[in-house]
Participant: 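Here you go, one structure.
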Amino acid sequence: MKKAMYPGSFDPITLGHIDVIHRAAEMFDELTICVLNNQAKKPLFSVDERVKIIREATSDLDNVVVDSFGGLLIDYAKEKQIHISIRGLRAVTDFEYELQIAQTNRLLSGGDLDTVFLTTSLEYAYLSSSAVKEIAMFGGDISKCVPAFLIDSIYAQYGIKR
Ligand code: PNS
């Protein structure tokens, strides 16, 4: 069985992430989306909320599993016996950071964990979770950025009713 994982913060998940998930799910028999439990960051949604949200956003995909992890990605990958990590690349500005993570993971895992990059579809090239948060914070329109079912709960985090 060809397995891959798609790690990230997903705070919140965007339509760009969902596009990558759909494309990766076609390429592999099983795709595990793993939400990073990063104690250092103050998130918009808790890890459990994000897992629940991503499950709902991917409920149409049979071969997608949603999980969370803390610590090093290579340790999670080893435990789950997954050898491929998927990451989306939006622009050249992502490249340096992504290259560093990919090469570090390959080195730390002794070659056991490789990274496969998918270039983001052009309509989502501008999208990021941080941009979504900044737009929502000021009551801007996020309807082209996140799944429809999520819009109200994002505004609610900022005390905005629409
Ligand atoms: O969505 P993000 O925040 O860009 O995702 C970053 C992520 C989760 C892929 C990365 O921070 C990660 O894998 N963190 C786990 C810690 C780790 O393994 N670090 C070593 C690679 S530098």
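Each ligand, and each atom within it, is numbered from 1 in the order the structure gives.
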Participant: What residues form a salt bridge (charged side-chain N to carboxylate O under 4.0 Å, His left out) with K78, not counting sequence neighbours?
Facilitator: none
Participant: At their closest point, which heavy atom of L15 faces which heavy atom of L127, and how far apart are they?
Facilitator: N-CD1, 4.0 Å
Participant: Which heavy-atom pair separates S129 from P12 by the least distance, and what is that distance?
Facilitator: OG-O, 2.8 Å
Participant: In terms of heavy-atom contacts, does CZ of F95 have more than 12 from other residues, nucleotides or ligands at under 6.0 Å?
Facilitator: no
Participant: Test question: given the 4.5 Å side-chain rule for I, L, V, M, F, W and Y, name all other residues clustered with L122, or answer none.
Facilitator: none
Participant: Could you go through ligand 1 and note, for every N or O atom, any protein N or O atom closer than 3.5 angstrom, writing the atom names and distance to 0.1 Å, or 'none'?
Facilitator:
residue	atom	partner	partner atom	Å
ligand 1	1 (O)	S9	N	3.0
ligand 1	3 (O)	S9	OG	2.6
ligand 1	4 (O)	R87	NH2	2.9
ligand 1	5 (O)	R87	NH1	3.3
ligand 1	18 (O)	L73	N	2.8

Participant: I'd like to check the side chain to side chain contact (heavy atoms under 4.5 Å, CB included) partners of D112; sequence neighbours left out, ordered by chain and number.
Facilitator: H83, S109
